[in-house]
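Here the structure comes first, spelled out in structure tokens, and everything after it is commentary.
Letters go in sequence order (proteins before strands), and every chain restarts at 1. Keep in mind that this is a model prediction, so the values were computed, not measured.
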Amino acid sequence: MEKNETSSSVDDKPRPWQSYHTVYTNAKAGMEGVDKEKVQRIVYEMSKGSKYFENEEKKEALMREKVENMRARCAKLSAAELSHYQTLADRRILELEATRDLSRTWLHVDMDAFYAAVETLSNPSLKGKPMAVGGMSMISTANYEARRFGVRAAMPGFIARKLCPELIFVPTDFKKYIYYSDLTRKVFQRYDPNFVAASLDEAYLDITEACRERGVAGGEIAEELRTSVYEETGLTCSAGVGPNRLLAKVCSDINKPNGQFVLPNDRMAVMTFISSLPIRKIGGIGKVTEHILRDVFEIKTCEDMLQKSGLLYALFSRSSTDFFLSVGLGIGKSDAPEVRSRKSISSERTFSATDDEALLFQKLGKWPFDLQSCHSNYFAADIAEMLCNDMQKEGLSGRTLTLKLKTASFEVRSRAVTLQNYICSSEDILKYATKLLKAELPVSLRLIGLRVSHFNDTKDAAPSDPGQKTLNGFIVSGDVSRKVLSNQTTSLNLDVSDQHFVDKVEINFSVDSREDCGTRDPSGDNHMEDLDEHLCTSDNIMEVENNDGTLCNKVADKANIGDMVQHNREPQQTEILQSEEAGSPLQVQVERSSPSTASKVHPDTDATCSSKQEDQLFWVDGYKCSLCGIEMPPNFVDERQEHSDFHLAERLQKEESSVRSRTLMPRQRVDQKDLITSHSSRRKKHKPSPKEGKHIPIDMFFVKSNQNF
DNA sequence: TCTAATAGACATC
DNA sequence: TGGGGGATGTCTATTAGA
């Protein structure tokens with residue numbers, strides 16, 4: 001619909017790029033004179049046909065659907081209903097108006113093109129030249145010279161280079177940014193010791209007391225602060241002064257760069273300011289919300305929110321409506337923000353899309369013993385380990401693990417499991433993450449992420465520092481090694497902002513909190529150990545494990561037993577396949593096999609129970625399938641078991657087919673093949689959806705499994 | 001009916 | 001030539017279990 005509207009214009013030439021909505025053409029400071037149509041066309045030309053583009057189109061279609069649904073709901077509202085909702089909305093507006101606080105003065109400081117400015121400071125030859133901080137895949141910041149070409153943050157480097165061929169790319173260097181950020185924060189602290197750092201380059205200051213003590217207006221303080229920042233860092237910043245944080249932030253953007261804007265603490269002034277303010281300028285209203293509000297309700301400015309308050313009240317949730325109406329009134333938070341503790345911690349990596357299952361598992365976590373000599377790539381990435389490191393640095397343990405996946409077609413999925421006990425070790429994270437990932441296979445992925453939430457004791461958890469979270473993300477994307485990350489994070493922990501947080505929260509990173517990490521839950525019961533029992537239901541196997549010292553050996557033993565048993569499974573084949581059809585976990589059957597039998601057979605030497613030696617599966621060098629070459633580490637017990645089962649079923653089918661082929665007609669042979677394929681794909685694929693029902697929590701799954709036996 | 005868990009979407013820097 | 005980030009929080013819808 002919108003496509004049709006925009007695909008032709010005055011001269012009737014098709015302009016398909018006009019319907020490709022990207023953030024890249026949005027107004028941003030320094031982009032006022034940009035030829036938007038040119039930028040849009042180049043971005044479109046470079047994007048079309050790509051998987052990313054296709055996904056964007058899908059998202060666009062979904063958004064249109066949302067708009068249509070909402071329009072339909074609007075149309076269904078009767079006059080009586082509308083009047084009812086208008087009454088409710090009017091009442092709510094009065095309630096919100098009563099909360100308006102004009103007694104405080106907030107200052108929002110935003111450093112101008114911070115990373116780019118710091119880079120120019122340390123390399124003056126960049127001055128006056130278009131420059132971007134980042135790389136070919138993504139840029140973090142562009143200086144104002146580059147912005148004139150349409151280059152901006154969050155734009156892929158290769159598109160930026162197309163827009164501005166002379167663009168200079170500078171890699172991110174967070175040590176520098178943290179150093180300069182610390183300098184700015186030292187200035188901020190002089191005006192508000194409890195300032196709120198929103199990121200490395202942004203902060204909110206309550207300057208009410210500073211203004212009162214010195215008998216000056218907010219604008220004067222802003223001017224003085226900006227001068228101090230420049231004198232002490234050589235960097236410019238912009239500032240906004242207003243009665244609350246929401247307005248102060250909007251104000252700081254008005255005279256960017258190196259400027260400021262003061263909104264008086266006066267209701268009329270606020271309402272006038274708000275009346276023509278585009279909704280997109282408000283923090284919290286992004287591309288999608290703007291689109292919906294504009295296309296469904298014709299809301300373009302903040303004032304329009306009040307005009308359409310009845311409809312908003314009718315169609316949005318209470319919290320969304322409250323937010324929209326507050327925006328319409330220019331009301332924001334003006335009290336000291338409560339210190340929020342961190343709610344989750346995560347780590348994710350983007351890589352070249354692959355459906356190589358071994359590779360995907362490898363991205364998730366490394367094997368718990370040294371295989372470097374076997375396969376150097378196994379240490380290329382290790383998300384579980386990185387997450388574990390980050391958690392340990394902050395003394396966190398949590399009981400919900402979420403696996404995030406981005407498919408080759410840019411579709412984002414998440415799969416979560418909530419455990420009965422808290423985890424923080426990389427082994428535990430890897431164990432559950434592997435289960436979650438396994439259930440998604442086969443799949444081609446370009447990103448894997450892990451997040452831990454539901455922390456052990458949120459009261460004692462570290463407060464979230466937006467500066468740090470940003471830092472983590474960019475350091476990793478900026479080709480900086482984990483070692484650097486570690487150092488920098490440590491350094492940041494000691495910087496001004498964090499002292500500031502520490503002052504406020506009295507965080508306790510005591511040994512106790514670390515002791516809570518791992519497999520022990522607050523009650524003192526060790527559910528994780530229980531779970532291990534469920535995982536490995538053979539008492540005999542447990543004996544072997546309990547007598548064993550290290551985890552590595554435990555895992556390896558488990559795996560070997562699985563491998564060994566595999567070679568003895570031929571007589572049980574019918575039972576195994578039936579069991580699987582019934583939904584029973586195959587691994588349990590296998591692991592219940594007698595270790596004494598297993599111990600007689602070595603995977604590499606077994607030749608006793610196969611009719612055909614060449615069809616036998618064993619793990620070359622302990623990790624590579626002898627039949628198809630797929631690589632799976634020994635601690636991937638279940639995966640290896642399933643893999644073995646697959647080959648076993650395949651072989652049986654082959655043998656059966658070869659017998660039948662002597663008597664079957666060609667068509668019947670095809671049917672047989674279909675049968676195998678469908679069976680095989682059914683066993684591999686399990687992709688639960690909200691509609692289909694919930695994931696069984698993993699620990700519950702194993703408890704149930706155990707009960708079955 | 002309330003609550004917790006899950007999944008996806010959206011937003012920010 | 002191909003190449004489109006990472007960390008975190010909030011909200012909403014849906015579902016299942018207590």
Side-chain angles (χ1 to χ4, degrees), chain A residues 22-24 43 46-47 49-56 59 62-63 66 110-111 114-115 134-141 153-162 172 197-202 249 280 282-292 316-320 323 340-353 383 386-387 390 399-406 410-419 436 446-447 449-454 464-479 485 687-697 700:
Chain A
T22 71
V23 295
Y24 310 134
V43 172
M46 293 205 71
S47 302
S50 69
K51 295 229 165 78
Y52 176 81
F53 180 84
E54 284 167 19
N55 190 253
E56 288 297 296
K59 279 158 55 180
L62 275 174
M63 198 154 75
K66 244 181 186 175
D110 194 347
M111 302 302 295
F114 184 53
Y115 301 165
M136 271 305 125
S137 61
M138 195 56 71
I139 59 182
S140 303
T141 316
M155 177 181 271
F158 63 94
I159 290 179
R161 195 176 52 183
K162 184 81 176 178
T172 48
S199 64
L200 282 181
D201 66 332
E202 260 186 63
K249 177 153 171 66
R280 190 68 161 84
I282 301 292
I285 298 182
K287 179 182 149 187
V288 174
T289 312
E290 179 195 27
H291 204 284
I292 290 172
F316 286 97
S317 70
R318 179 63 184 267
S319 65
S320 299
F323 172 64
R340 289 177 302 179
S341 58
R342 180 196 272 281
K343 303 258 187 313
S344 68
I345 187 165
S346 63
S347 185
E348 65 187 59
R349 281 302 157 275
T350 295
F351 41 83
S352 303
I383 300 161
M386 289 191 292
L387 177 58
D390 290 346
R399 63 186 193 93
T400 297
L401 179 72
T402 305
L403 172 74
K404 176 181 169 183
L405 307 172
K406 196 188 275 180
F410 288 86
E411 176 205 344
V412 178
R413 296 180 199 166
S414 67
R415 298 290 179 260
V417 61
T418 298
L419 308 163
L436 293 171
R446 55 172 293 113
L447 174 146
L450 289 173
R451 175 184 293 208
V452 172
S453 51
H454 270 122
S464 56
D465 177 359
Q468 186 161 333
K469 81 185 173 190
T470 309
L471 168 69
N472 282 351
F474 281 107
I475 280 172
V476 172
S477 62
D479 296 325
L485 166 64
K687 184 186 167 188
S689 68
K691 305 258 187 279
E692 190 185 316
K694 287 170 72 171
H695 244 126
I696 299 172
M700 198 189 296

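- Regarding Phe323(A), its CZ atom lies at a distance of 15 Å from the P atom of dC10(B), rounded to whole Å.
- Among the atoms of the strands shown, only primed sugar atoms or phosphate atoms (P, OP1, OP2) are found under 4.0 Å from some heavy atom of Lys406(A).
- Between Glu56(A) and Lys59(A), at least one side-chain nitrogen of the basic residue sits less than 4.0 Å from a carboxylate oxygen of the acidic one, meeting the salt-bridge criterion.
- In terms of the ring-ring contact (aromatic ring centres under 6.0 Å, His included) criterion, residue partners of Phe410(A) (sequence neighbours excluded) are, by chain and number, Tyr52(A).
- In this structure, CG of Leu447(A) is placed 11 Å from P of dG4(C), rounded to the nearest angstrom.
- When distances are taken from the side chain of Lys249(A) to each of dG8(B), dC13(B), dG6(C), the shortest belongs to dC13(B).
- Not one side-chain nitrogen or oxygen of Arg161(A) sits closer than 4.0 Å to the OP1 or OP2 atom of dG3(C).
- The side chain of Lys66(A) contributes no N or O atom lying less than 4.0 Å from OP1 or OP2 of dG8(B).
- For Thr400(A) and Val412(A), each mapped to the nucleotide of DNA chain B holding its nearest heavy atom, the one lying further toward the 5' end belongs to Thr400(A).
- Rounding to the nearest 0.5 Å gives a distance of 6.0 Å between CE of Met46(A) and NZ of Lys162(A).
- What separates NZ of Lys59(A) from P of dG4(C) is a distance of 13 Å, to the nearest Å.
- Residue contacts for Ser352(A): at a heavy-atom cut-off of 4.0 Å it reaches no nucleic acid atom on any strand shown.
- Distance, Lys404(A) NZ to dT6(B) P: 18 Å, rounded to whole Å.
- Proximity of Arg446(A) to the phosphate of dG4(C): a side-chain N or O atom is located under 4.0 Å from OP1 or OP2.
- Between Ile345(A) and Phe316(A), it is Ile345(A) whose nearest contact on DNA chain C lies nearer the 5' terminus.
- Taking CG of Leu405(A) as the reference point, atom CZ of Arg413(A) lies at 6.5 Å (rounded to 0.5 Å).
- Of the listed nucleotides (dG3(C), dT8(C), dT10(C)), dT8(C) has the atom at the smallest distance from the side chain of Glu348(A).
- Arg399(A) places no side-chain N or O within donor-acceptor distance of the main-chain N or O of Thr418(A), the cut-off being under 3.5 Å.
- Checking the phosphate oxygens (OP1, OP2) of dA4(B), no side-chain nitrogen or oxygen of His454(A) falls inside 4.0 Å.
- The phosphate of dT10(C) has OP1 or OP2 within less than 4.0 Å of a side-chain N or O from Arg340(A).
- Looking at residues two or more places apart in sequence or on another chain, you find a salt bridge (charged side-chain N to carboxylate O under 4.0 Å, His left out) between Lys249(A) and Glu202(A).
- Picking from dG9(C), dA11(B), dA7(B) the nucleotide with the shortest atom distance to the side chain of Arg415(A) gives dA7(B).
- Among dC13(B), dG6(C), dC11(C), the nucleotide with an atom closest to any side-chain atom of Ser319(A) is dC11(C).
- Across dG4(C), dG3(C), dA9(B), the shortest atom-to-atom separation from the side chain of Ile159(A) is found for dG4(C).
- Here Gly283(A) lies in heavy-atom contact (under 4.0 Å) with sugar-phosphate atoms only.
- Between Thr350(A) and Arg446(A) the shortest side-chain heavy-atom distance falls below 4.5 Å.
- Rounded to whole angstrom, the span from the CZ atom of Arg451(A) across to the P atom of dA7(B) amounts to 13 Å.
- dG4(C) sits 24 Å from dT12(B) when the P atoms are compared, rounded to a whole Å.
- When heavy atoms are screened at a 4.0 angstrom cut-off, Arg318(A) is found touching no nucleic acid atom at all.
- Judged by closest nucleotide on DNA chain C, Phe53(A) is the one of Ser346(A) and Phe53(A) placed further toward the 5' end.
- At the phosphate of dG8(B), OP1 or OP2 sits under 4.0 Å from a side-chain N or O atom of Ser414(A).
- Set against dT10(C), dG5(C), dG8(B), the side chain of Arg413(A) has dG8(B) as its closest nucleotide.
- Of the two residues contacting DNA chain B, namely Leu62(A) and Glu202(A), the nearest-nucleotide position lying further toward the 5' end is that of Leu62(A).
- Rounded to an integer number of Å, the gap from Met63(A) CE to dC10(B) C1' is 11 Å.
- Side-chain to base pairing of Ser344(A) with dG9(C): no donor and acceptor N or O lie closer than 3.5 Å to each other.
- Among the atoms of the strands shown, none is found under 4.0 Å from any heavy atom of Thr402(A).
- Contacts of Met46(A) with the nucleic acid, taken as non-hydrogen atoms under 4.0 Å apart, include base atoms.
- Distances shorter than 4.0 Å separate some side-chain N or O of Thr289(A) from OP1 or OP2 on dA11(B).
- For the pair Lys51(A) NZ and dG3(C) C1', the computed distance is 13 Å after rounding to whole Å.
- Residue Ala154(A) has its side chain nearest to dG5(C) when only dG9(C), dG5(C), dC13(B) are considered.
- For dT8(C), one of the phosphate oxygens OP1 or OP2 lies less than 4.0 angstrom from a side-chain nitrogen or oxygen of Arg342(A).
- Ile282(A) comes within 4.0 angstrom of the backbone, heavy atoms only, and of no base.
- The distance between atom CG of Leu387(A) and atom P of dT8(C), rounded to the nearest whole Å, is 9 Å.
- The distance from atom CD1 of Ile139(A) to atom CE of Met155(A), rounded to the nearest 0.5 Å, is 6.5 Å.
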